[in-house]
Number of protein chains: 2
Amino acid sequence: MKPKIKDVAKLAGVSPTTVSRVLNNRGYLSVDVREKVAKAMKELNYIPNDLARSLYTQRTNLIGFIFPTTANPFYGELIFHMENASFERGYRVLLCNSSSQPEKEEQYVEMLLRNQVDGIISGAHNLGIKAYQHSLPIVAIDRYLSETIPVVSSDNYQGGRLASELLIEKKCKRILHINGTREMASPANKRRDAYEDVMKEHKMEALTYEIPVMGNAEEIISRLLDEQPDVDGIFASDDKIAARVIAEARKRGIKVPENLKVVGYDGTSFVRDIFPDLTTIQQPISDIAEKAVELLVEEIEGIFDPGSQKEFVFPVQLLEGTST
Amino acid sequence: MKPKIKDVAKLAGVSPTTVSRVLNNRGYLSVDVREKVAKAMKELNYIPNDLARSLYTQRTNLIGFIFPTTANPFYGELIFHMENASFERGYRVLLCNSSSQPEKEEQYVEMLLRNQVDGIISGAHNLGIKAYQHSLPIVAIDRYLSETIPVVSSDNYQGGRLASELLIEKKCKRILHINGTREMASPANKRRDAYEDVMKEHKMEALTYEIPVMGNAEEIISRLLDEQPDVDGIFASDDKIAARVIAEARKRGIKVPENLKVVGYDGTSFVRDIFPDLTTIQQPISDIAEKAVELLVEEIEGIFDPGSQKEFVFPVQLLEGTST
DNA sequence: TTTCATATGTCAACCGGGTGACATAAAAAA
DNA sequence: TTTTTTATGTCACCCGGTTGACATATGAAA
């Protein structure tokens, strides 16, 4: 059987209450007792049961992360940094890959509540506001969930502008955009808005090819290249799409960047490593991660009032490779 | 205040015990009571407290994952699939990014034990056997932890052979290998063993450039290309290194695959997407993930005896791109 | 000598839910 | 009609740790 406080107390020759006092450093304690208890704990290999403690204290030090998938390095890196930031602050992480399935996302929210998490950071974009209406600290990433839920993101509009303007500077005459569907109230839409604004400012026609959530990107890209023979600039909404555009273009003998310039988005360190030539808009992933955790923890600990400020936007950076 | 069983009971006009019976579907229950209770739960927005339940049942349905980082798509994808498999089986996941820091890994193990996880899946490679000597179901991925801990992996030796033999078939005369350091008892070393065996079989000199854990891959690759002007084949121990080799080679005007053929390793779907030209050895990530979770859950539920079989090896697949 | 801060023990209640024992009553089967 | 089965309630204890109230015993300061 696992040792419990009682066992430690017996071995150390003190009362269970005293052991608890040592553990929580409360009340008067002599060095002698502290040592005896520490020794007994080591000898028994005692490990406190956080369930029991949490049940009483009404705090679990658990945070739930709800994100589409760790398989995508953007989320993978974000989660990595957030987990680190949480760990540093004494919080543990319950991981939820919602896989872009609304039902799963909903089940996850309930699961997290059953597990009594102290807060949730959500970057999943399927659920309506309703599902997040529990009196629990929540921080959203790149997504407006409700009036009182703070949002952390990078400057998507600025990113869209940077990408579009770069292509214009580079003398592209026919610039297209590839993006996911617009349905969700995601700040990522601002990239598209920026693209459209820039096109308008330069009196150029804006045209966006959309890739449905479950759609085949390859097919859309092929179709784009078929239908738009005069395209010479593409702003892709993420690096994966950008890379695929480049691969498909090369397959067709279209030279990048001579005949076609491509800008991606995200600039994760993994993609930077593996595809350093790609011009992209880099999101400050670790800043976003750090801020999201900081906000959530402050909310949990009652320091931060979610009503005070609800949007935190970090600047992005243009990284020029040789694809433009 | 959050509603508890008592409140549900009061509203439904039944006893707390009956509510518990409904929740756990035990004993005799009329449809009528079931409905009344369900209605009361919905009305109060009742969510059971899993802490309390777990405290009594001695089961948390929590699994701990200890892996270096979700930022690497290999782990990101592995974790994604494992999390899905766990969710399907009714288990939740506590995520630990050990960041290749032994101290952190040790802290994580203790943290998981405090949280009363039902089991651990570890793919982190820093700790000695000792740290995992707690009477808790554990499954290791790609790493021998102890006699009784089952290991799930793909066939690293076969992968190393496939890669090396491909380069030989393609008439490479000077084939080098790039790998991490050998120190850890990782099955990944078998890739190197296979490379060395194949070289020996063909009476060719084997030479491995090692990249230290905290080392600069760029620098090693540069040095390799400087020191080995006659190299015409490189087997890299992962796709990231392979991609960097190709980038560096192109920068130097070395044509791939004409003058230099490169084989990577891992074949994650993200890298396949972004860099489809890369020849690589693909690990069956979802098979590994599925098996690891299956084993762990069987161990937890007492179905699987870890003494019975302790190694599960899945075949790898050679994916030929245009880098060879 | 008195007073007070220090140090520890005892005890019971509590966190929220699970469960076994037992009582009771109505409906169904023998 | 008697026996079973079904259906629910009551009650107390359990899980492991936390905490407040209170008692008691030192040693030091007043």
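A note on names: the letters A, B, ... follow the listed sequences, proteins ahead of strands, and every chain is numbered from 1.
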Nearest-Å distance for atom pair [atom1]/[atom2], residues [X] and [N]:
X        : N      : atom1 : atom2 : result
A:Leu29  : D:dT18 : CG    : P     : 13 Å
A:Tyr56  : C:dG16 : OH    : P     : 11 Å
B:Arg53  : C:dC15 : CZ    : C1'   : 16 Å
A:Leu113 : C:dG16 : CG    : P     : 15 Å
A:Lys10  : C:dT8  : NZ    : P     : 20 Å
A:Lys4   : D:dT18 : NZ    : P     : 14 Å
A:Leu55  : D:dT19 : CG    : P     : 13 Å
A:Leu51  : D:dG17 : CG    : P     : 10 Å

If only side-chain N and O atoms of [X] are considered, is one of them under 4.0 Å from the OP1 or OP2 phosphate oxygen of [N]?
X       : N      : answer
A:Ser30 : C:dT8  : yes
B:Arg26 : C:dG18 : no
A:Gln58 : C:dG16 : yes
A:Tyr46 : D:dG17 : yes
A:Tyr28 : C:dT6  : yes
A:Thr57 : D:dT18 : no
B:Ser15 : D:dT8  : no

Report the residue (A:Thr18 or B:Arg21) whose heavy-atom-nearest nucleotide on DNA chain C is the more 5′ of the two.
A:Thr18

Options D:dC11, D:dT18, C:dG18, nucleotide nearest the side-chain atoms of A:Ser20
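My answer, after comparing the listed nucleotides, is D:dT18.
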
Nearest to the side chain of A:Thr17, heavy atoms from C-beta on, is which of D:dT18, D:dT10, C:dT10?
C:dT10

Heavy atoms only, 4.0 Å cut-off, all strands: where does [X] land among base, sugar-phosphate and nothing?
X       : result
B:Val14 : sugar-phosphate
A:Asn24 : sugar-phosphate
A:Pro16 : nothing

Between B:Thr70 and B:Phe80, is there a side-chain heavy-atom distance shorter than 4.5 Å?
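No, too far: nothing below the 4.5 Å cut-off.
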
Should B:Leu23 and B:Met41 count as side-chain neighbours, where that means a heavy-atom distance under 4.5 Å?
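They are in contact (side-chain heavy atoms under 4.5 Å apart), so the answer is yes.
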
How far does CZ of B:Arg92 sit from CG of B:Asn61, to the nearest 0.5 angstrom?
5.0 Å

To the nearest 0.5 Å, how far apart are OG1 in A:Thr18 and NZ in A:Lys36?
9.5 Å

Taking every heavy atom of A:Ala289 against every heavy atom of A:Leu78, the minimum-distance pair comes out as CB-O, 3.8 Å

Tell me whether A:Arg53 is salt-bridged to A:Asp50, with the criterion being a basic N under 4.0 Å from an acidic carboxylate O.
yes

